[in-house]
Protein chains: 2
Amino acid sequence: MSPQRSLKPTPRTRRATPADDGPSASERAYAHIRARLFDGTFTGNMMLSEGDIAEELAISRTPVHEALLRCEFEGHIRLYPKRGALVLPVSAKEIQDVLVTRRLIEVHAADLAAQSRELGPGLLAQVDTQADLLHRELDEEFSTADDAFHKQIIQATGNGLLDRAYAMARDVPLRVGNSNLRRHPERVAQLIAEHRAIAQAIADGDPAAARAAVEHHLDMAMKSLLRAI
Amino acid sequence: MSPQRSLKPTPRTRRATPADDGPSASERAYAHIRARLFDGTFTGNMMLSEGDIAEELAISRTPVHEALLRCEFEGHIRLYPKRGALVLPVSAKEIQDVLVTRRLIEVHAADLAAQSRELGPGLLAQVDTQADLLHRELDEEFSTADDAFHKQIIQATGNGLLDRAYAMARDVPLRVGNSNLRRHPERVAQLIAEHRAIAQAIADGDPAAARAAVEHHLDMAMKSLLRAI
DNA sequence: TCCACGTATCTTGCATGCATCATCCGTGCG
DNA sequence: CGCACGGATGATGCATGCAAGATACGTGGA
């Protein structure tokens, strides 16, 4: 009668055979949709169809459907039954909401990081890397480095839930910001300076300064993003 | 060449025919799994199989698979390819993480609510309802009312992202707490008193008191939950 | 006894097909 | 000319089927 086997707690991480088929079809569909969302191919109010995406990737609709479900959960699109997927436009309100949320999370994380000071040297080095990427005009890499900088501070909290919440909050700016940064290199230089202030406060073990630096950084980011849409 | 039609921005909310088929199979599967997670039928380290759940609900594996994906995203289970779904146990660490996250969110929301004071009367009334439910020993309804109380404060911020983050954070205590409350009615009485303090501070328009009341409430909740696992 | 190996069994990933629902559009009527 | 109606079209929800990966187990050999 029991429909589930009661326990089988041996999910060993090793695999007898690595059997690396690469990412699954579902993951490829998900990555593809996100990439289009971030590079601006899928813009606000656009209507997507599973079939078209499936055809493009030469896979069936099933994994595409799963990817769309996930994107809906993450707030990027909205699924209308039997009608299709509407790409939600990024509104000013949403950007404000995201930045408020990020502020709550990142201020908390930076405070903790400053208390331990461990991250300091690593973060300062990362800021140098960012400056280098700016000089070499490697936009894509810069965006990745920016992401890594913030993510590292969050992850140092060890709080997986915060991490997931942050991941959702970060996607929205990416939809606006990726194309935006390219057009405003002066903003990027400023952004790096703000990063440096955060890293320095953490390295100094000054939680109050770290909180203030993060708040300033996010304030500036919000203004920049609001100008961009 | 363009795989997507560029726009069809007419997702009218009205339906020509209501055509109320009730919830979709996928939603039913999702609700079913969550219910089992919360009522303790699906306990930590248990291994679930799509086929069994599908059979139980008399639907196919497809919608069950979608529901499991969503549960994985919400952090309740982990999917092992070709092996099944492992129900993740709720650890003390996770409870702490969740309460830290909730504290960030709810303190912020309570502060805002106290600034506007609008929610005050409604919240105080809700607390009275909770006391009534306690006296009548309606555990299920009480849990729902508790959820509604917190959710209302969050939703008043109008920040959809915070709302979603809170929803994820709230699920974890539900897996521990539903069965726990039943066994500790004295904790419930205390909990209601804490709710009343929060509601009163908001009604008084005292943000500092509201923040403090929320922090106290969540501290107590954490202790209670940690004792429960 | 203990380990290696081949096979049966279980489970999932995904392709495919069908039924249904929403939308679009042409036609006929007032 | 405007509008209602009906079929064509396109989209999804979900059932089903197949192939492949993972595990369990029985058997044979050292």
Side-chain angles (χ1 to χ4, degrees), chain A residues 2-33 46-72 77-87, chain B residues 2-33 46-72 77-87:
Chain A
S2 93
Q4 271 68 39
R5 35 205 193 301
S6 60
L7 108 176
K8 178 164 55 174
T10 335
R12 311 186 190 85
T13 55
R14 68 155 175 85
R15 280 187 185 182
T17 312
D20 197 346
D21 303 331
S24 65
S26 173
E27 282 168 44
R28 273 186 295 139
Y30 176 69
H32 174 83
I33 295 167
M46 188 181 280
M47 210 74 180
L48 309 179
S49 105
E50 292 177 5
D52 292 341
I53 298 173
E55 195 176 358
E56 208 172 308
L57 296 177
I59 59 181
S60 80
R61 278 175 37 224
T62 307
V64 175
H65 184 65
E66 290 175 6
L68 287 173
L69 281 174
R70 185 162 167 192
C71 287
E72 178 180 44
I77 66 179
R78 172 147 179 204
L79 264 28
Y80 289 90
K82 308 274 177 108
R83 305 221 279 122
L86 178 70
V87 178
Chain B
S2 93
Q4 271 68 38
R5 33 206 196 303
S6 61
L7 107 176
K8 176 162 58 174
T10 334
R12 310 185 190 87
T13 54
R14 68 152 174 87
R15 279 187 184 182
T17 312
D20 196 346
D21 301 332
S24 66
S26 173
E27 283 168 44
R28 272 186 296 140
Y30 176 68
H32 175 83
I33 295 167
M46 188 181 282
M47 210 73 179
L48 308 179
S49 105
E50 292 177 2
D52 294 341
I53 298 173
E55 196 176 355
E56 208 174 307
L57 296 177
I59 58 181
S60 81
R61 278 176 36 224
T62 308
V64 175
H65 184 66
E66 289 174 7
L68 287 174
L69 282 174
R70 184 163 167 191
C71 286
E72 178 180 43
I77 67 179
R78 173 149 176 201
L79 264 29
Y80 289 92
K82 306 277 177 103
R83 302 221 284 125
L86 178 71
V87 179

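Numbers restart at 1 for each chain; the letters A, B, ... are given by sequence-line order, proteins then strands. Remember, predicted model here, so these are calculated numbers, not experimental data.
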Worksheet item: What nucleotide, of C/dC14, D/dC14, C/dG13, holds the atom closest to the side chain of A/S60?
Response: C/dC14
Discussion item. What is the distance, to the nearest angstrom, from the CG atom on B/L48 to the C1' atom on C/dT12?
Written reply: 14 Å
Worksheet item: Between B/R83 and D/dT23, is there a side-chain N or O to OP1/OP2 distance below 4.0 Å?
Response: yes
Worksheet entry | Separation of A/M47 CE from A/D52 CG (nearest 0.5 Å) | 12.0 Å
Worksheet item: Rounded to the nearest 0.5 Å, what separation is found between the CD1 atom of B/I53 and the NE2 atom of B/H32?
Response: 6.0 Å
Worksheet item: Just how far, in rounded Å, is P of C/dT11 from CD1 of B/I53?
Response: 11 Å
Worksheet item: By side-chain contact (heavy atoms from CB on, under 4.5 Å), which residues pair with B/E55, not counting sequence neighbours?
Response: none
Item to complete: Would you classify B/L79 as touching base, sugar-phosphate or nothing, given that sugar-phosphate means primed atoms plus P, OP1 and OP2, and contacts are heavy atoms under 4.0 Å?
Response: nothing
Discussion item. Once rounded to the nearest 0.5 Å, what's the spacing between atom CD of B/E27 and atom CZ of B/R70?
Written reply: 8.0 Å
Worksheet item: How far does CG of B/L79 sit from CG of B/L68, to the nearest 0.5 angstrom?
Response: 6.0 Å
Got a list of protein N/O to nucleotides 6-8 of chain D N/O distances below 3.5 Å?
none

Worksheet, complete the sentence: From CD of B/E55 across to C1' of D/dT16 the rounded distance in Å is 15 Å
Discussion item. Could you work out, with salt bridge (charged side-chain N to carboxylate O under 4.0 Å, His left out) as the rule, every residue matching A/E66, not counting sequence neighbours?
Written reply: none
Worksheet item: Between D/dA11 atom P and A/I77 atom CD1, what is the distance in whole Å?
Response: 15 Å
Discussion item. My understanding is that only residues two or more places apart in sequence, or in another chain, count here; which of them pass side-chain contact (heavy atoms from CB on, under 4.5 Å) with A/A67?
Written reply: A/A29, A/Y30, A/I33
Worksheet item: Could you give the NZ-to-P distance, from B/K82 to D/dC18, as a whole number of Å?
Response: 16 Å
Worksheet entry | Rounded distance (Å) that lies between atom P of C/dA15 and atom CD of A/E50 | 13 Å
Worksheet item: In whole angstroms, how far is the P atom of C/dC14 from the CG atom of A/L57?
Response: 12 Å
Discussion item. Five pairs per end, C1' atoms only: what is the angle between the end axes of the helix from C/dT1-D/dA30 to C/dG30-D/dC1, to 10 degrees?
Written reply: 10°
Practice prompt. Taking side-chain hydrogen bond (donor to acceptor under 3.5 Å, both in side chains) as the test, write out the residues that go with B/R61, two or more places apart.
Written response: B/E50
Worksheet entry | Contact list for DNA chain C against residues 61-71 of chain B - heavy-atom distance below 4.0 Å | B/R61, B/H65
Worksheet, complete the sentence: For A/A25 and A/I59, the nearest pair of non-hydrogen atoms, with its separation, is O-CD1, 3.9 Å
Discussion item. Among residues at least two apart in sequence or on other chains, which ones pass salt bridge (charged side-chain N to carboxylate O under 4.0 Å, His left out) with B/R28?
Written reply: none
Worksheet item: Rounded to whole angstrom units, what separation is found between the CZ atom of B/R28 and the C1' atom of D/dA15?
Response: 13 Å
